[in-house]
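As the structure is a computational prediction, the values presented were derived from the model and not from experiment.
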Amino acid sequence: MLALLFSLLQVPTPVQIQVGQVSVIAAPSQLSLAMRLAEMADRAQDWPGVGRRPPGPMRLIVVADPSQMEAVSSGRAPSWGAGLALPGIRTIILRSDLPAPDHTLRHELAHLALHDAVRVRVPLWFDEGYASWASGEWDRLETLRLNLAVAAGQVPDFRELDGMLRGSANAADLAYGLAASAVLELARRNPARNLDALIAHLAGGESFETSVLATTGLSVPRFESEWRQAIRRRYNVVTWLLAGGFWSVVAFSLGGLLWYRRRRDIPRRAALDVGWTVPDAALPVEEVSEPPPVDPTDNFR
């Protein structure tokens with residue numbers, strides 16, 4: 001099937017190589033990177049609330065660009081997506097044309113680790129927030145400090161957050177940070193301040209709603225409300241200014257003053273132009289002859 005897809009995309013037939021428990025598939029030009037990523041994926045790793053786990057049998061597909069990602073994933077990956085995990089068939093698809101493929105791989109591996117441990121359905125925001133936190137994507141939280149909408153108190157609810165995660169690149173960038181903050185808040189609300197108890201309840205087959213209530217004492221709607229309030233307290237206008245928003249205000253103000261100054265000077269510049277004429281280059285220029293020499297014997301009166 002993959003060979004057919006790659007042939008339709010007019011790229012060389014992919015090569016498949018086994019690296020430990022990881023079956024890696026890539027075009028010849030991507031094989032060196034794919035082998036390195038497969039070696040990384042084949043190592044046992046520690047995951048929050050899940051513990052140390054070997055990867056288990058899995059398939060890693062490395063593609064070169066968005067068109068190949070769309071074809072191989074059957075359109076399930078957004079156009080801006082760097083990677084996609086398909087836990088049901090234990091497959092990860094990665095793009096090689098974007099920076100930091102190692103970080104992307106760890107994010108997708110976190111999805112597999114979570115779904116290996118948890119057999120019940122979890123919300124999209126929890127799934128993506130867990131993967132962002134577990135893979136150490138702390139820069140996701142930094143985007144919240146620099147986001148003016150969050151500073152102004154515009155925090156989405158969980159339903160809206162799920163939509164943002166599958167929206168535009170800009171919306172998703174913010175949504176990943178918010179999702180990670182929600183998962184961190186779940187850990188803070190537990191007496192042990194980690195996800196161990198929540199993951200244990202989910203692994204035991206309890207629903208997400210029941211597991212959250214059992215480990216935080218809050219229903220999901222109540223937790224959602226308190227999380228949104230916590231975000232508003234933590235990421236407000238003051239933190240936005242301290243994180244760099246002050247300089248944005250300065251730059252915007254200077255730009256506004258420059259625009260106002262130029263607009264105010266328009267009448268002055270127009271007045272300076274009055275009375276000035278520019279010679280027409282098309283008109284002939286009269287030649288001025290030199291005066292005749294003066295005869296010293298001439299008499300002047």
Would F126 and L198 count as a side-chain contact (heavy atoms from CB on, under 4.5 Å) if you check the C-alpha gap in whole Å, the side-chain angles of each, and the deciding distance to 0.1 Å? CA-CA 12 Å; F126 179 81; L198 177 62; 3.8 Å; yes
Please enumerate all residues that pass salt bridge (charged side-chain N to carboxylate O under 4.0 Å, His left out) together with D116, with sequence neighbours excluded. R90
Could you give the side-chain donor-acceptor pairs of residues 39-49 under 3.5 Å, partners two or more places apart or in another chain?
| from | atom 1 | to | atom 2 | distance (Å) |
| --- | --- | --- | --- | --- |
| D42 | OD1 | Q21 | N | 2.9 |
| Q45 | OE1 | R106 | NH1 | 2.1 |
| D46 | OD2 | R52 | NH1 | 3.1 |

Side-chain touch V122/L202, heavy atoms, less than 4.5 angstrom: yes
Indicate every side-chain donor-acceptor pair of residues 170-180 with a distance under 3.5 Å to a residue at least two apart or in another chain.
none

Report yes or no: do W227 and L213 belong to one cluster of Ile/Leu/Val/Met/Phe/Trp/Tyr joined by side chain heavy-atom distances under 4.5 Å? no
Which pair of non-hydrogen atoms, one from L94 and one from G83, has the smallest distance, and what is that distance? CD2-CA, 4.0 Å
Distance-only, no hydrogens or angles: does the T104 side chain make a donor-acceptor pair with backbone N or O of A100 under 3.5 Å? yes
Please answer whether the main-chain N or O of S73 pairs with a side-chain N or O of R76 as donor and acceptor at a distance below 3.5 Å. yes
Hey, mind stepping through L195 and T215 against side-chain contact (heavy atoms from CB on, under 4.5 Å) and telling me if it holds? CA-CA 9 Å; L195 290 179; T215 56; over 6 Å; no
Nearest heavy-atom pair of L98 and G81: which atoms, and what distance? CD1-O, 4.2 Å
I'd like to know if the side chain of T216 and the backbone of N190 have a donor-acceptor N/O pair within less than 3.5 Å. no
Taking the side chain as everything from C-beta on, heavy atoms only, tell me whether S135 gets closer than 4.5 Å to H103. no
The reported gap from CG in D162 to CG in L124 (rounded to nearest 0.5 angstrom) is 4.5 Å
Taking atom OG of S207 and atom CZ of R121, what is their separation to the nearest 0.5 Å? 13.0 Å
Donor-acceptor pair, Q68 side chain versus A64 backbone, under 3.5 Å? yes
Say you draw a straight line from OG of S181 to CZ of R140; how long is it, rounded to the nearest 0.5 Å? 12.5 Å
What is the ring orientation for H111 with H115, classed by angle as parallel under 30°, tilted 30 to 60°, or perpendicular over 60°? tilted
Name all residues meeting the ring pair (Phe, Tyr, Trp, His ring centres under 6.0 Å) criterion together with H201; count only those two or more places apart in sequence or in a different chain, and write none if there are none. none
Donor-acceptor contact below 3.5 Å, side chain Q18 vs main chain G20: yes
Between V50 and A113 the two heavy atoms that sit nearest each other are CG1-O, 4.1 Å
Can you establish whether the number of heavy atoms outside R188 located under 6.0 Å from its atom CZ is more than 12? yes
In L105, V19, I92, the residue satisfying side-chain contact (heavy atoms from CB on, under 4.5 Å) with L37 is L105
Got a sec, which residues hit ring pair (Phe, Tyr, Trp, His ring centres under 6.0 Å) with F223, two or more places apart in sequence or on another chain? none
Aromatic ring proximity W125/F208, centre distance under 6.0 Å: yes
Quick one: pull up CE in M69 and CD1 in I61 and give me the separation to the nearest 0.5 Å. 9.5 Å
Report the C-alpha separation of E185 and R189 in whole Å, then their side-chain angles, then the decisive distance to 0.1 Å, and conclude whether the salt bridge (charged side-chain N to carboxylate O under 4.0 Å, His left out) test is met. CA-CA 6 Å; E185 191 67 21; R189 295 283 175 164; 3.1 Å; yes
Please evaluate residues L33 and R36 with respect to the criterion side-chain contact (heavy atoms from CB on, under 4.5 Å), reporting the C-alpha separation (whole Å), side-chain torsions for both, the decisive distance (0.1 Å), and the verdict. CA-CA 5 Å; L33 171 64; R36 181 174 65 80; 3.2 Å; yes
According to salt bridge (charged side-chain N to carboxylate O under 4.0 Å, His left out), who are the partners of R166, at least two apart in sequence or on a separate chain? E128
Should R228 and E224 count as an ion pair when the cut-off is N to O under 4.0 Å? no
Going through the distances and angles, do L31 and I17 end up as a side-chain contact (heavy atoms from CB on, under 4.5 Å)? CA-CA 9 Å; L31 194 56; I17 298 177; 3.8 Å; yes
Roughly how far, to the nearest 0.5 Å, is CD of E137 from OG of S132? 4.5 Å
Straight-line distance of E70 CD to L84 CG, nearest 0.5 Å: 12.5 Å
